[in-house]
Amino acid sequence: MSESSSQPIVDLSTKDAPVLAEELGLRRDEYSRIVEVLGRTPTICELYMYSLMWSEHCSYKHSRIHLRKFPTEGAHVLQGPGENAGVISVGDGWAVAFKMESHNHPSAIEPYHGAATGIGGCMRDIFTMGARPVAALSSLRFGSMEHPHQQWLAQQAAKGFSEYANTAKVPTLGGEIRFDDAYENNCLVNAMCIGLMREEHLTRAAASGAGNLLIVIGAPTGRDGIGGASILASAEFGEDSVGSDSDSTLEPGAETSVAAPTTVTGDPELGRRLTEACLELLENGLLVGLGDLGAAGLTSAGSEMAARAGMGIEIDVQKVPVCDVGMKPFEIAVSESQERMLAVSTPEMLAKVRDVCDRWKVPATVIGSVIDSGDFVVRSGEDVYAAIPAKSLTDDAPLYDPPYAEPAYFSKLAATDLSQLQHPENVEDLNRAVLNVLGSAGSASREWFAGDVDSDVSENVVIPPGADAGLLRIGSTDHVSNCGIAASCDCNGRYIYLNPRRGAQIAVAEAARNVSCVGATPAALTDCLNFGSPEKPEIYWTFVQSVEGISDSCKALDVPVVSGNVSFYNESSGVAIYPTPAIGLVGIIDDINKHCTSDFKDTGDTIILIGETFDEIGGSEYLKLHFNMVAGDIPALSLDLERRTQTTLRELIAAGLLKSAHDCSDGGLAVALCESAIQNGIGFDVELADELPSAISLFSESQSRVVVSCAPTDADAILAACIDADVPAAVIGTVGGDMLAIKDKLALPLDAARDAWTNFFPHTFGEE
C-alpha cells in the first residue's frame with residue numbers, strides 16, 4: 001500500500017465479505033484470488049470495484065483467449081485493440097478512430113435511453129483518442145414486428161440513437177436493423193462511431209506523472225447506472241426483468257445492498273459541449289491523458305489509465321460533484337452517470353484547463369492525483385475505502401476457456417432436405433413472392449430508422465444511409481483532402497446459427513463487399529460479438545467458431561481487427577439469441593469523386609451480374625418468409641473468389657466504367673435488382689441464363705455477387721476485366737421502362753414494388 005493510503009481502511013460492511021462477493025457476481029475462487037492479491041479481506045468498496053472490473057463486460061474473461069486469433073496489424077493501423085478505440089491512417093495525414101459497443105440489456109429495459117447512451121458512450125471513446133466524432137452507425141436486432149412491444153422497442157431505440165447523434169452534431173452514416181423471433185426477449189443495440197483527426201493528434205488514455213492532477217470533466221455523479229453496463233451485460237435476464245420498468249436503486253443507507261441498477265440517461269447537448277471542450281484541451285496540449293467514464297465509471301477509467309502508465313491514482317470522493325444526496329464511496333467509485341470524462345493535467349495547466357471548460361460551460365473539478373505506488377486509492381477525506389494495485393483490476397482477472405461442443409441441432413438443420421419444397425412457378429405467383437419479400441421486415445427500406453438529420457450535420461455525407469455503405473468526405477478548411485471513408489455494418493444471425501464459422505466469414509465478406517461497392521478499399525474493422533451464456537458448451541462453441549470465421553475472412557481480405565466488444569449472456573430464462581457477431585467495417589477511397597452508388601442511372605444502360613447463382617436457399621430470407629423455416633446449409637463462400645471479385649469491382653469503379661453497383665445478399669438477385677430500380681425510379685428488362693427453378697434463381701443468396709450497370713459501350717471492357725481476374729460475369733439485361741421484368745419469372749409495375757419496399761415500416765408505425 002502506498003504511503004498516501006496508510007490510514008486505516010474503513011469497512012462498514014454488515015455482511016461477510018464472501019457473501020457480498022457472491023451477491024455481486026464474483027465466484028468463490030475469484031474472491032480467494034482477491035484476498036490473495038490484497039493480503040487481507042477486501043472492503044465493500046473494493047469488492048464492488050473488483051466485481052465490475054472482473055465482470056464479463058469489463059474483463060473479457062471468457063473471450064480474451066480466443067480474441068487473440070484475430071489479425072490486428074496492417075498497413076493502415078496506428079492503434080489496435082487495447083485502447084478506447086482503434087485508429088487507422090486514411091491518407092493526407094488524416095486518421096480515423098472507430099469503435100463498436102453493445103448496449104443490449106439497458107436497451108431492453110429502456111430502449112430510448114439505452115440506445116442514446118450507447119452511441120453517446122461510443123462517441124466519448126472516439127474523442128478520447130483525439131478524434132472528432134463525424135459519423136454514427138447502428139446494428140439493431142428485435143423480435144418479430146408482429147408484436148407491439150417489439151415495434152415499441154425498435155421505434156424507441158432508433159429514435160434515441162438518431163436524436164442523440166443529431167443533437168451531438170454527428171450524422172448517421174448507415175447501419176442495419178433486423179427482426180426475428182430469436183431476439184424476442186433480448187434485443188441487441190450495438191452502436192458504432194467514427195471520428196476524424198490529424199495523425200499527430202492521436203492520444204492515448206494514460207495517467208502518467210506523479211503529482212499530476214485528476215480532473216472530472218462533465219456531468220455530476222449520481223446513482224443512475226451503478227453497476228449497470230457491467231452487471232447487466234454479465235448476467236442473463238430472468239422472466240421478471242425483460243422489458244421491466246424497474247427504477248430501483250441502492251438506498252443511501254444500504255451500503256451492502258445489491259439492487260438492480262437504474263437506467264442511465266444521456267444529455268446530448270452536454271455531450272456536444274463536452275466533446276468540444278475535450279478536443280480543444282487535447283489539441284492545445286493541455287492534458288496528459290483522457291479517459292471515458294463509461295462502464296464501471298471512475299473505477300474503470302482510473303484503473304485502466306493508471307495501469308497503462310504503470311502508475312497509481314488517488315481520488316477523494318468528497319471532491320467528486322454529485323447530484324444524489326448521501327452517496328456512499330463505493331457508489332461514487334462505480335457510478336456510470338453519463339457525459340463524464342477523467343482527465344490528467346499538470347498543476348501548471350490547471351488554470352487553462354478550467355478556462356476552456358468554463359467557455360464550453362462544462363464543469364471541471366480536481367478530485368485527486370497520480371501517485372507512484374501503483375495503487376488505486378479511494379478515500380473520503382482522511383478515511384481510506386479502497387487501496388488496490390491498479391493493475392490487479394485490469395490485468396489479473398481470471399481467464400476462462402470452458403469446454404465447448406457442437407450443438408445437437410447443428411448437423412440436423414444443416415442436413416434438412418430443401419429439394420422437396422414446392423416453390424411458386426408461374427409469373428403471377430412469383431410476383432407475389434417478390435412483393436412479399438420486398439415488403440417485409442427483412443428487406444424493406446430502412447429509411448424510416450435513419451431519422452431526420454439537420455443539413456449542417458450531414459454536409460460531408462456523400463452517400464447517406466440506405467446504400468450498401470455510407471460514404472463520408474474527410475478534410476477541413478485548414479487541411480483540404482480529396483479522400484473519403486466508407487462504412488458498413490453487417491451480420492446475418494440466421495447464418496451464424498446454422499453455420500457459425502462460415503456465417504461469420506460471410507459477415508466480414510459482405511461488409512467488405514458493401515464498402516467495395518461504393519469504390520472504397522476495406523481497411524480495418526471493429527466488431528460487437530453478441531452471444532448467450534459462455535458457460536453453456538453449445539453456445540461457447542458457436543462463439544469460438546465465429547471468432548475463427550471472422551479471423552479467416554480478415555486474413556484473406558487483409559482487413560485487421562482494431563477494436564471491438566463482446567456481449568455475452570444475451571438470453572432470457574435459458575433461451576439465447578441467435579449468435580450475432582456484428583461487423584463494422586471501414587474502407588478508404590482516395591478520390592471521393594470516383595465513388596459509385598447502387599441505383600440504376602439511365603435508360604439503355606447494360607446490366608451485368610458479377611458472380612454466379614447456385615441452388616442455395618438455406619437460411620435465406622425467402623425460406624423464412626415463404627416456408628417459415630430456418631434450416632439447410634447456408635451459401636458456400638470462396639474467400640479467394642471474394643477477394644478477386646472485390647478487387648475487380650473497385651478497379652472498375654476507379655476507372656469510371658460502372659454507373660451503379662449493388663451487393664446481392666438478403667433476398668437474393670430479385671431484391672438487389674428491384675432496389676436498384678426503385679431508388680431512382682427506373683425499371684429493367686432482364687433475362688437469366690441459369691437453369692435453376694425460378695424461385696431459386698430469384699431468391700438464392702449465393703455469395704460474391706454484385707449487380708452492376710454501365711453504358712453499353714463499356715460492357716465489353718467490364719467483361720474482359722472479369723475474365724482476366726477469373727471472376728464470373730454475364731450481361732443479363734438493360735435499364736429502362738416502368739416495369740421490373742425478368743423473362744418468364746417476373747413482371748411487376750415499378751410503382752407496386754416501390755410501394756411495398758418504401759412503405760412497410762411507415763405503415764407498421766402508422767405514419768403513412
Residues [X] and [Y] bridged, charged N to O under 4.0 Å:
X      : Y      : result
Lys99  : Glu101 : yes
Arg501 : Asp552 : yes
Arg27  : Glu22  : no
Lys69  : Glu548 : yes

Compare every heavy atom of [Y] with every heavy atom of [X], then report the nearest pair and how far apart it is.
X      : Y      : result
His103 : Ser107 : O-OG, 2.6 Å
Ser563 : Phe98  : OG-O, 2.9 Å
Glu46  : Thr41  : OE1-O, 4.5 Å
Cys122 : Ala191 : SG-O, 3.5 Å
Pro42  : Val35  : CD-CG2, 3.9 Å
Trp54  : Lys61  : O-NZ, 2.9 Å

Given Val384 and Val377, is the side chain to side chain contact (heavy atoms under 4.5 Å, CB included) satisfied, shown in steps?
CA-CA 7 Å; Val384 176; Val377 179; 4.2 Å; yes
Would you say the ring centroid of Phe531 lies under 6.0 angstrom from that of Phe543?
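Judged by ring-centre distance (under 6.0 Å), Phe531 and Phe543 do meet the cut-off.
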What do you reckon, are the aromatic ring centroids of Tyr497 and Tyr409 less than 6.0 Å apart?
yes
Hey, are the side chains of [X] and [Y] touching, using non-hydrogen atoms and a 4.5 Å cut-off?
X      : Y      : value
Phe330 : Tyr385 : no
Asn492 : Ile496 : no
Asn186 : His105 : yes
Ile367 : Asp316 : no

Between Asp527 and Asn565, do the side chains contain an N or O donor and an N or O acceptor separated by less than 3.5 Å?
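No, no side-chain donor-acceptor contact under 3.5 Å.
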With no hydrogens and no angle check, do the side chains of Asn530 and Asn190 hold a donor and an acceptor under 3.5 Å apart?
yes
Going by the angle between their ring planes, with limits at 30° and 60°, are Tyr540 and Phe568 parallel, tilted or perpendicular?
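Because their plane-to-plane angle lies in the 30° to 60° range, the rings of Tyr540 and Phe568 count as tilted.
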Can you pull the side-chain hydrogen bond (donor to acceptor under 3.5 Å, both in side chains) pairs that have at least one residue in residues 294-313, sequence neighbours excluded?
Ser300-Glu304
